[in-house]
Chemist: 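Encoded as structure tokens, here's the structure I'll be asking about.
Since the structure is predicted, the reported quantities are computational estimates derived from the model, not experimental observations.
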Amino acid sequence: MQHIAEVQIANQCPNCAQHKEGGSKKYWEEKERFVELRDVSKMSITCEDVSVRRRNTSAPVEESVLDPKHSAEMVDRVNEVLRPTTFEDLHLPSKDETLNTVKSLVPAATWIPMITWSTLKADIVGGLTVLVMLIPQSMSYADIAGMPLVAGLYSSFMPALVYSLTGNSRQLAVGPVAMVGILLSASLEGLLTEEECPEYFNGNSEGLTQSELCPEQYHKLGILTAFLVGLFTLAGALFQLGFIISFLGHPVISGFTSAAAVLIGLTQVKNLFGFKIGKSEYIYVTIEEIINNISDLNVVTTILGLSFVAMLYASKLAARSIPSLSWLRALGPLLFCVLGSVIVYFGELDTNHGVEVVGTIPEGLPPASVDWDVSDLNRVLMPSITIVIISYMESIAISKSLAAQHGYEVEPTQELFALGLANFCGSMLSAFPTTGSFSRSAVSNSVGTKTQLGGMITALGVLFTMVFLTPLFAYLPNFVLGAIVVSSVVSLVAYDEAIHLWHVKRTDCLLWVIAFLGTLFLGILTGLAIAVGMSLVIVIYESARPQISLIWRVPGTTNYRIVKQAPNGEWIKNILIVRFGASMYFANMSYLRDVVMDMLRRTNDAVETARPEENQMNAGTSDVQYIILEMSPVISVDSSAIHTLEDMAKEFERRGVKLAFANVGNRVQKVFENAHFTTTHGLEWFQPSTHDAVLQCLRHQKKHKLTVISEQTSEGKTEELSEERKGLPAGLKRTLSVEGDRVSTST
């Protein structure tokens, strides 16, 4: 029984007259076109048949190939992306380039001329829908951040207006969000000095926070943070630093968000149950405060608060499951604000039962706030960096998701610019840091907002509310604001994601748990920093110990595959082929050396442990005399890697083993040439394919009269070697021989 591959590799066509006559034509290149036959004598394929088959199998590809001119044009266009910018590219912009730059920085110049009556109606509906959702949420999130409630309205006006003019996303709703609120609260609490907030340091027997005792000074710190967040985000856009969010992996963000949602929910206990608790970013402190003060709960507030949480949750379920009630998703919070205010007003619950209400909110335009004290910037430096990363990550994730749904592009650098400018301008009008909101953006998308005009209408609606409608919030109960927050963040606790990650990859689940527990027990910033640090440690560990795979030949072909991908492959004697699965740099080269040396020892041990009667027969045939490094995954090398490769080559040489390289990329090859490694090691040991590297090893072996691979019997036929005699992995039953530049196989 033989493979047709044996006939191919031997370059003989049994049915071709010219081959019978000793012609030189070969059809080695057609090896993959043949099927396995059980009997060569019955084979009817000739060279002419092969040629026809080759034309037929390539026909679909040939029909789709561009002509040389257009092929070159496509290559040039795509290569523009890969071409680095040089000084020669610097020039004064033309009129068209200037216009395109303005349009990219101010997308409003593009979408305003495209407004139609249809899009106008859709944007008005979308903008007003988001508005009624934003007003109660903005005050709730201001409370989370420790800011005056009116600061939530201030932060909903200018940032939304600026983003609508400069942002790419057509449906993104920019304004206060719970995540930034909890980060701001955890970062700023305790930063006021005794001079700025003497009440906190003297006679604070009730343990009130700085935001409660000195709201004006605390608000100034929030405004200063928005100013610095704006500057950092604009700098990120200038230097194109959007890639930084890549260091925040999904498990870290999910774990952090889940823990932050728990902390946000616990901060609303005071509003839902009507008793004071000390604000803390540590869950155990908050729980201790709840236990110590639970005896002071207000029964009426508790009943109403829990009832409103249940009703809000039920309204969301109804909006998702009943299409005719989908309007409840956006209007629900506002309706419950009206309902709560009516109950408190007519029941006089604030005076008779101690139910806390929002009270008087300043009306009018946001006050200017450009008197930043630069000396205070160092106090909010680290919080600002954290908020920049988290807010940009949240916003770009929403923007890209919405853009994908509607078939347009979102430029990350432009998003950085838009968010940075929104925060910078917002800090001039008493706003604290803002970003894109998941819930409001989803509502904006669901009601059919078409352009950024929807965000502009929302901003103008907030302005109208601040000027004319703030007296209506006087009887708005705090338990409604607390219920809105709890119903908003409960879906952020992604415990099911941890279960999913456990089944997908345990290390990712570990990162989720570290981020979750670290944020709860060590604080928001510390927990996030530890989780990010652990994720980087894992990345470094995996890059320092990349995948190293064993390669062998696919029978009857010039293709070489990983052993696990081709379980019935062929091992070429005396040659060890290894694929290195990452770029080579100083941190992973010792691992490569150790693994290859261990492979070498194990292969040679197989020869030494063979049966004594076979040792003499197999001497020099099963031990490794050549090592081929398959380099296709290697896209870069550093000088340390080259030094290690040079040392490995010398060490292998002392052991009688030659080191060869296959599939070296252009970039890596150039580094090798610059380091003169190709010259010192020998250019012939750098081959463009694995098969060429194998042929080089076999030519070198034959030239130096090394032992041939196959064993010949007295009749001159190829004899199958036992697995023990070959010293190869179990399951291999093929033998290989060299004839010219070809390798033959039989079974």
Chemist: Can a donor-acceptor pair be found, under 3.5 Å and without considering hydrogens, that links the side chain of Arg506 to the backbone of Trp502?
Modeler: yes

Chemist: For a quick test of reading the model, state the closest non-hydrogen atom pair linking Ala261 to Leu492 and the distance between them.
Modeler: CB-CB, 3.7 Å

Chemist: Any non-hydrogen side-chain atom of Leu476 less than 4.5 Å from a side-chain atom of Met139?
Modeler: yes

Chemist: So do the side chains of Val358 and Leu481 get within less than 4.5 Å of each other, counting heavy atoms only?
Modeler: yes

Chemist: Of Pro159, Ser395, Ser169, which is the lone residue that meets side chain to side chain contact (heavy atoms under 4.5 Å, CB included) with Val174?
Modeler: Pro159

Chemist: Asp508: what forms a salt bridge (Lys or Arg N to Asp or Glu O under 4.0 Å) with it, not counting sequence neighbours?
Modeler: none

Chemist: Run the side-chain contact (heavy atoms from CB on, under 4.5 Å) check on Leu402 and Ser441 step by step: do they pass?
Modeler: CA-CA 9 Å; Leu402 295 174; Ser441 299; 4.1 Å; yes

Chemist: I'd like to check the ring-ring contact (aromatic ring centres under 6.0 Å, His included) partners of Phe308; sequence neighbours left out, ordered by chain and number.
Modeler: Phe336, Phe479

Chemist: What's the separation between atom CG in Leu224 and atom CG in Leu188, rounded to the nearest 0.5 Å?
Modeler: 9.0 Å

Chemist: Which donor-acceptor pairs under 3.5 Å do side chains of residues 521-533 form with protein atoms, sequence neighbours excluded?
Modeler:
none

Chemist: Answer yes or no: is there a donor N or O on one side and an acceptor on the other, between the side chain of Ser254 and the main chain of His250, under 3.5 Å?
Modeler: no

Chemist: Take Ser258 and Trp512 through the side-chain contact (heavy atoms from CB on, under 4.5 Å) test and state the conclusion after the steps.
Modeler: CA-CA 9 Å; Ser258 299; Trp512 191 98; 3.6 Å; yes

Chemist: Could you tell me which residues satisfy salt bridge (Lys or Arg N to Asp or Glu O under 4.0 Å) with Arg379, sequence neighbours excluded, listed by chain and number?
Modeler: Glu196, Asp376

Chemist: Any chance you could measure Ser427, atom OG, to Leu231, atom CG, to the nearest 0.5 Å?
Modeler: 7.5 Å

Chemist: Report the C-alpha separation of Leu592 and Met584 in whole Å, then their side-chain angles, then the decisive distance to 0.1 Å, and conclude whether the side-chain contact (heavy atoms from CB on, under 4.5 Å) test is met.
Modeler: CA-CA 9 Å; Leu592 170 64; Met584 293 180 171; 3.9 Å; yes

Chemist: Give every residue pair that meets the ring pair (Phe, Tyr, Trp, His ring centres under 6.0 Å) criterion with at least one member in residues 408-463, sequence neighbours excluded.
Modeler: Phe227-Phe424

Chemist: From Gln452 CD over to Thr166 OG1, what is the distance, rounded to the nearest 0.5 angstrom?
Modeler: 9.0 Å

Chemist: What is the distance from atom CD1 of Ile514 to atom OG of Ser535, rounded to the nearest 0.5 Å?
Modeler: 9.0 Å

Chemist: Shortest non-hydrogen contact from Ser437 to Ile398?
Modeler: C-CD1, 3.6 Å

Chemist: Residues in salt bridge (Lys or Arg N to Asp or Glu O under 4.0 Å) with Lys505, at least two apart?
Modeler: Glu542

Chemist: Work out which heavy atom in Ser399 is nearest to a heavy atom in Leu172; give both atom names and the distance.
Modeler: OG-CD2, 3.5 Å

Chemist: Mind checking whether Tyr392 and Thr435 have side chains closer than 4.5 Å, heavy atoms only?
Modeler: no

Chemist: For the residue pair Asp123 and Thr449, confirm or rule out a side-chain donor-acceptor distance under 3.5 Å.
Modeler: no

Chemist: Donor-acceptor check, side chain of Glu189 to backbone of Gln210, threshold 3.5 angstrom: yes or no?
Modeler: yes

Chemist: Counting neighbours of OH on Tyr313 that are heavy atoms of other residues, nucleotides or ligands and sit closer than 6.0 Å, is the number greater than 12?
Modeler: no

Chemist: Quick check: closest heavy atoms across Ser430 and Ile223, and the distance to 0.1 Å?
Modeler: CA-CD1, 3.6 Å

Chemist: State whether the side chain of Ser487 and the backbone N or O of Ala483 hold a donor-acceptor pair below 3.5 Å, judged by distance alone.
Modeler: yes

Chemist: Does anything in residues 405-417 pair up under salt bridge (Lys or Arg N to Asp or Glu O under 4.0 Å), and if so which pairs, sequence neighbours excluded?
Modeler: none

Chemist: Counting only N and O atoms by type, is there a donor-acceptor contact under 3.5 Å from the side chain of His406 to the main-chain atoms of Gln171?
Modeler: no

Chemist: With side-chain contact (heavy atoms from CB on, under 4.5 Å) as the test, would you mind laying out the steps for Leu381 and Phe232 before giving the verdict?
Modeler: CA-CA 10 Å; Leu381 182 63; Phe232 283 155; 3.3 Å; yes

Chemist: Kindly determine whether Tyr141 and Ser155 satisfy side chain to side chain donor-acceptor pair (under 3.5 Å), including the steps that lead there.
Modeler: CA-CA 10 Å; Tyr141 297 155; Ser155 303; over 6 Å; no

Chemist: Gln137: which residues meet the side chain to side chain donor-acceptor pair (under 3.5 Å) condition with it, sequence neighbours left out?
Modeler: Arg440

Chemist: Going by the rule ring-ring contact (aromatic ring centres under 6.0 Å, His included), which residues pair with Tyr284 if we only count those two or more places apart in sequence or in a different chain?
Modeler: Tyr282

Chemist: Can you find a side-chain donor-acceptor pair between Thr451 and Trp111 that sits under 3.5 Å?
Modeler: no

Chemist: Can you name the nearest heavy-atom pair linking Ala515 to Ala259, along with the distance?
Modeler: O-CB, 4.4 Å

Chemist: With heavy-atom distances below 4.5 Å as the criterion, would you say the side chains of Val180 and Val177 are in contact?
Modeler: yes

Chemist: With a 4.5 Å heavy-atom cut-off, do Ile390 and Phe256 have their side chains touching?
Modeler: yes

Chemist: Taking only residues two or more places apart in sequence or in another chain, which ones pass disulfide (SG to SG under 2.5 Å) with Cys214?
Modeler: Cys197

Chemist: Please report the shortest heavy-atom distance between Ala260 and Met179, naming the atom on each side.
Modeler: CB-SD, 3.4 Å

Chemist: Measure the spacing between OG of Ser140 and CD1 of Ile264 and express it to the nearest 0.5 Å.
Modeler: 11.5 Å

Chemist: Is the backbone of Leu312 close enough, under 3.5 Å, to the side chain of Ser315 for a donor and an acceptor to pair up by distance?
Modeler: yes

Chemist: State whether the side chain of Thr458 and the backbone N or O of Gly127 hold a donor-acceptor pair below 3.5 Å, judged by distance alone.
Modeler: yes

Chemist: Where the side chain of Ser583 meets the backbone of Val634, is there a donor-acceptor pair that is under 3.5 Å apart?
Modeler: no

Chemist: Determine whether Phe157 and Thr465 make a side-chain contact, defined as any pair of heavy atoms from C-beta on separated by less than 4.5 Å.
Modeler: no

Chemist: Check this for me: Lys316, atom NZ, are more than 12 non-hydrogen atoms of other residues, nucleotides or ligands nearer than 6.0 Å?
Modeler: yes

Chemist: Regarding Tyr163 and Thr434, do their side chains bring together a donor and an acceptor under 3.5 Å, going by distance alone?
Modeler: no

Chemist: Does Pro546 reach the side chain of Tyr591, with side-chain heavy atoms less than 4.5 Å apart?
Modeler: yes

Chemist: Within the distance-only criterion (no hydrogens, no angle test), does the side chain of Ser185 pair as donor or acceptor with the backbone N or O of Gly181 below 3.5 angstrom?
Modeler: no

Chemist: Scan residues 489-502 for pairs that pass salt bridge (Lys or Arg N to Asp or Glu O under 4.0 Å), counting only residues two or more places apart or in two chains.
Modeler: none

Chemist: Atom CD1 of Ile385 and atom OG of Ser187: how far apart are they, to the nearest 0.5 Å?
Modeler: 11.0 Å

Chemist: Using modelled atom types and a 3.5 Å cut-off, is there a donor and acceptor pairing between side-chain atoms of Glu212 and backbone atoms of Thr209?
Modeler: yes

Chemist: Provide the full list of side chain to side chain donor-acceptor pair (under 3.5 Å) pairs with a residue in residues 260-272, sequence neighbours left out, each pair given once.
Modeler: Asp143-Asn271, Gln268-Asn271

Chemist: Are the side chains of Leu228 and Pro383 in contact, using a 4.5 Å heavy-atom criterion?
Modeler: no

